[in-house]
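Computed from a predicted structure; not experimentally measured. Chain letters run A, B, ... following the sequence lines, proteins first and then strands; every chain starts at 1.
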2 protein chains.
Amino acid sequence: MVNAGHIHLCRHTVHGTKMVLQRAMPGMVLAEASAYSDSYHCDAIAAADSIVQTLPKSVFLSALAADSDLAATWAATLARGVQAARFRSEIRSLPKVADRLDAWLGAGNHLPPKGRWQDVAHELSVTREALYRELARRRKGAKE
Amino acid sequence: MVNAGHIHLCRHTVHGTKMVLQRAMPGMVLAEASAYSDSYHCDAIAAADSIVQTLPKSVFLSALAADSDLAATWAATLARGVQAARFRSEIRSLPKVADRLDAWLGAGNHLPPKGRWQDVAHELSVTREALYRELARRRKGAKE
DNA sequence: TCTTCAACATGACTATGATCATATGAAGGA
DNA sequence: TCCTTCATATGATCATAGTCATGTTGAAGA
């Protein structure tokens, strides 16, 4: 689990290129699926100075087996993770920046204060310039 | 659970536009997260003639609580679902068709027989034309 | 106060995918 | 056999996001 910082979970494809599979922010568990398979060919790379907590897999699994409430909580966390990741992939399937922003705002998100807009651009997977331009278009449209 | 066909899980955003949150194919459970929340404001829409199995939420949850092996299997399914969905969102964050195809092939997928290429195009979230062109480029490159 | 740095902002140009139009070939049914 | 349909295929054009360049603003720190 990441307590602070920013960890990337990466896999090297057969062509040698690096692929990011997960970008874990504080509060997130890295590589949840690794608890359910014997081997897992990924690297965890700290994208920023980070603080993490670790727990042996066997301890984690036996705790889940012993406590069905804990197991249900864990399953709920995973289910919400599935939902969130599917939402992100659907957002990124929209070709236009305006549509991605609408969908993201429509899901209950709100524009962050200045200084954090680049985070939104990254979440939508567009360049910061494209997001700035879209926001400028909306400011202009709202004024008329 | 979808046995046959193709079900979309849709949410209507505050602007009234429809957003697909999940595209459930045979073998997949629809809206897993709904088992862990009291209300879930989505619609299930059959995108093709389909056959589904249903199970009351209470039965499902008590079965999980009673059988820790079943709970572990379910958690493993969810964890793999998280992984798969994250992979799709990372694929779709690549701006170029060639990169998306490389990443997808590098994850162990292989090109389907003719007649199924459009499915790949949809998985990569590009138009079929763009995929045909990329494949044509590769055929040409391989020949030289 | 002055310096520095990062985020915000915008213009110019380019690359590339989407769209529209058409054509070809294979499978299945009348 | 002929007709329909759908997947594959490719060309032409257009819209748009990426890229590069450049400038502005505001906050933190020396």
Exercise. Roughly how many Å is it from CG in A:Asp119 to C1' in C:dC8, rounded to a whole number?
Worked result: 13 Å
Exercise. In whole angstroms, how far is the C1' atom of D:dT8 from the CD atom of B:Glu134?
Worked result: 16 Å
Exercise. Atom CG of B:Leu94 and atom P of C:dG17: how far apart are they, to the nearest Å?
Worked result: 11 Å
Exercise. Tell me: NZ of B:Lys96 to C1' of D:dT19, nearest whole Å?
Worked result: 11 Å
Problem set entry | Rounded interatomic separation in angstrom, taking CZ from A:Arg116 and C1' from C:dA7 | 10 Å
For this session: Using the six-membered ring wherever Trp is involved, compare the ring planes of A:Tyr132 and A:Trp117 and label them parallel, tilted or perpendicular (cut-offs 30° and 60°).
Result: tilted
For this session: Return the value, rounded to whole Å, for the distance between atom CG of B:Leu131 and atom C1' of D:dA9.
Result: 12 Å
Exercise. Counting side-chain heavy atoms from C-beta on, which of D:dT16, C:dT16, D:dC20 comes nearest to A:Glu129?
Worked result: D:dC20
Seminar exercise, completed: Judged by nearest nucleotide, the residue sitting upstream toward the 5' end of DNA chain C, B:Thr127 or A:Tyr132, is A:Tyr132
Problem set entry | Pairwise 5' ranking along DNA chain D for B:Gly115 and A:Ala98, keeping only the more 5' one | B:Gly115
For this session: Check whether any side-chain nitrogen or oxygen of A:Gln118 sits under 4.0 Å from OP1 or OP2 of C:dA6, and answer yes or no.
Result: no
For this session: In plain terms, say whether B:Glu123 and B:Arg88 are close enough for a salt bridge, that is, a side-chain N and a carboxylate O under 4.0 Å apart.
Result: yes
Exercise. What nucleotide, of D:dA17, C:dC8, D:dT8, holds the atom closest to the side chain of A:Lys114?
Worked result: C:dC8
Exercise. With sugar-phosphate meaning primed atoms plus P, OP1 and OP2, does B:Arg128 contact a base, only sugar-phosphate, or nothing at under 4.0 Å between heavy atoms?
Worked result: base
Problem set entry | Contact nearer the 5' end of DNA chain C, comparing A:Ala136 with A:Pro95 | A:Ala136
Exercise. Above 12 or not: heavy atoms from other molecules or residues under 6.0 Å from CG of B:Asn3?
Worked result: yes
Exercise. What is the distance from CZ of B:Arg137 to P of D:dA9, rounded to the nearest Å?
Worked result: 14 Å
For this session: Give the intermediate values and the outcome of side-chain hydrogen bond (donor to acceptor under 3.5 Å, both in side chains) for residues B:Tyr40 and A:Gln83.
Result: CA-CA 12 Å; B:Tyr40 198 80; A:Gln83 196 183 22; 2.7 Å; yes
Exercise. Closest to the A:Val97 side chain: C:dG17, D:dA17, C:dT10?
Worked result: D:dA17
Exercise. Starting at CZ of B:Arg92 and ending at C1' of D:dA17, how long is that distance when rounded to a whole Å?
Worked result: 18 Å
Exercise. On a plain distance test, is the side chain of A:Arg133 in donor-acceptor contact with the base of C:dG11 below 3.5 Å?
Worked result: yes
Exercise. So, are A:Lys96 and A:Asp99 salt-bridged, with charged N and O less than 4.0 Å apart?
Worked result: no
